[in-house]
Structure formats: structure tokens, C-alpha cells
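Since the structure is predicted, the reported quantities are computational estimates derived from the model, not experimental observations.
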Amino acid sequence: MARVVSSVASTLRIPVIAKLGFSDKLVEAASKALGSGARGLTLINSVRAMKIDIYSKKPVLGNRVGGLSGRPIHPIAVRAVYEVYRETGADIFAAGGVEGWEEAVEFHLAGAKAVQVGSAIVARGPQVLRRIVDGVRRYLWIEGFRSLEEIVGYAHRY
């Protein structure tokens with residue numbers, strides 16, 4: 001990973017954002033990516049998972065395993081963002097289970113500068129983005145914050 005990030009970062013003039021999946025050594029991998037030239041990180045990717053049909057007694061997916069994404073991985077992704085931000089202070093783009101404004105705010109409080117929305121768009125259409133943005137704005141106003149930047153990493157104060 002470090003060689004790939006270094007090669008890409010040394011070739012391009014635009015910032016390189018490394019996307020890392022969840023692992024037990026995520027903080028270490030994040031530090032290596034940043035040290036190799038990544039300007040930010042996207043955390044996390046889908047989590048490898050499996051489902052077995054109890055009646056056919058075989059894996060549901062033809063490839064046996066696949067990527068679990070959306071709401072089920074949100075707590076894992078929040079932990080990843082929180083730990084990597086605590087150790088690196090990196091610019092983080094959070095991904096995993098943003099269904100509404102509450103999950104987006106949670107990611108920001110953990111340390112994410114921005115969030116990605118994927119599964120919610122598939123399930124409810126692109127209009128979900130407007131509801132998320134409006135909800136985050138309302139939260140900031142109600143809680144007395146002037147900007148989104150003020151809440152990035154706020155949970156680390158405790």
C-alpha cells in the first residue's frame with residue numbers, strides 16, 4: 001500500500017486520498033499511507049462478510065463472501081474514524097452507514113472532515129442528500145456552532 005500511495009502521490013499534482021478498509025492495524029496503515037504522500041484518508045470500505053442459507057446449507061453469494069456495507073458497518077466505521085483521527089489528526093472522509101444527518105454528525109464528531117453517502121442513495125434516492133445536509137445545518141444551529149469545522153473531532157475533547 002505504501003509503495004502504491006508513494007508512486008501515485010509522486011506522479012500526480014492533485015491530492016491523493018487513500019481509501020483504507022477496516023483492519024486490526026488500521027492506525028498503522030493510515031500512518032504509512034500519510035507518510036507515503038497521501039493528503040487524506042477515506043475510512044472505511046465494506047467489511048468482508050458471509051451469509052449461509054440454512055435450508056440449502058450453502059453460501060448465498062456465488063463468490064461465498066462479499067462486502068457488507070451500509071447501516072450494519074456504521075459503528076465499526078465510527079470507531080475507525082475516531083481512532084485514526086486521534087492518532088494522526090488526518091483529514092478523513094468517512095464512509096459507512098450514513099442513512100441520515102445523525103450518522104453524518106457522529107462521523108464529524110469522531111474526526112471526519114467529510115462523509116460519503118452510498119447505500120442510502122440506492123435505497124431512498126438522491127433526495128436523501130438534501131435531508132442529510134439540512135439536518136446537519138439544523139443541528140449546528142441548535143447546538144450553537146457557526147460552522148461544520150467546529151465539530152470535527154469534538155468528541156476527542158472528553
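Of all heavy-atom pairs between Ser31 and Thr88, the closest is OG-CG2, 3.7 Å. Considering every non-hydrogen atom in both Ala29 and Leu20, the closest pair reads C-CD1, 4.0 Å. Between Ala80 and Phe22 the shortest heavy-atom distance is CB-CD1, 4.2 Å. Nearest heavy atoms, Asp91 versus Lys113: OD1-NZ, 3.3 Å. Taking each heavy atom of Ser36 and Ala9 in turn, the nearest pair found is O-CB, 4.1 Å. Nearest heavy-atom pair across Val84 and Ala30 is CG1-CB, 3.7 Å.
At least one side-chain heavy atom of Phe107 sits under 4.5 Å from a side-chain heavy atom of Val78. Between Lys19 and Gln116, the closest side-chain pair of non-hydrogen atoms falls below 4.5 Å. Under the 4.5 Å side-chain criterion, counting only non-hydrogen atoms from C-beta, Glu106 is not in contact with Glu102.
The backbone N or O of Ser147 sits less than 3.5 Å from a side-chain atom of Glu150, completing a donor-acceptor pair. A donor-acceptor pair under 3.5 Å is formed between the side chain of Glu103 and the backbone N or O of Gly100.
Taking the six-membered ring where the residue is Trp, Phe145 and Tyr139 present parallel rings, their angle staying beneath 30° rather than reaching 60°.
Residues Asp53 and Lys57 are not paired through a salt bridge, judged by the lack of any N-O separation under 4.0 Å between the basic side chain and the carboxylate.
Of the inter-residue distances, the one linking Ile76 atom CD1 with Leu26 atom CG reads 11.5 Å to the nearest 0.5 angstrom. Between the CD1 atom of Ile151 and the CG atom of Leu109 there is a distance of 5.0 Å, given to the nearest 0.5 Å. Here the CZ-OG distance, from Arg124 to Ser119, works out to 10.0 Å after rounding to the nearest 0.5 Å. Rounding to the nearest 0.5 angstrom, the gap separating the CD atom in Gln127 from the CD1 atom in Ile132 is 10.5 Å. Considering CD1 of Ile44 and CD1 of Ile73, their distance stands at 4.0 Å, rounded to 0.5 Å.
Linking ILVMFWY residues whenever their side-chain heavy atoms come closer than 4.5 Å, directly or via other members, leaves Val133 and Val105 in distinct clusters. Using a 4.5 Å cut-off between side-chain heavy atoms of Ile, Leu, Val, Met, Phe, Trp and Tyr, with links allowed through other members, Tyr55 and Met50 fall into different hydrophobic clusters. Hydrophobic clustering of Ile, Leu, Val, Met, Phe, Trp and Tyr side chains at less than 4.5 Å, counting indirect connections, keeps Tyr82 apart from Ile92. Tracing side-chain contacts under 4.5 Å through hydrophobic residues (I, L, V, M, F, W, Y), one reaches Leu34 starting from Met1; they form part of the same cluster.
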Carefully, step by step, assess Arg48 and Leu68 under the rule side-chain contact (heavy atoms from CB on, under 4.5 Å).
-> CA-CA 6 Å; Arg48 289 177 51 89; Leu68 179 66; over 6 Å; no
Steps toward side-chain contact (heavy atoms from CB on, under 4.5 Å) verdict (Phe93, Leu41) | CA-CA 6 Å; Phe93 305 87; Leu41 305 165; over 6 Å; no
Could you give me the CA-CA distance, side-chain angles and deciding distance for Arg137 and Trp101, then say whether side-chain contact (heavy atoms from CB on, under 4.5 Å) is met?
-> CA-CA 9 Å; Arg137 283 189 179 137; Trp101 65 268; over 6 Å; no
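Under the 4.5 angstrom side-chain criterion for Ile, Leu, Val, Met, Phe, Trp and Tyr, the cluster partners of Val8 are Val4, Leu12, Ile14, Val16.
Taking the six-membered ring for Trp and the full ring otherwise, Tyr154 and His108 have centroids separated by 6.0 Å or more.
Arg39 CZ: 12 or fewer foreign heavy atoms inside a 6.0 Å radius.
Sorted by first and then second residue, the salt bridge (Lys or Arg N to Asp or Glu O under 4.0 Å) pairs with a member in residues 64-86 read Arg71-Glu99, Arg79-Glu83; sequence neighbours excluded.
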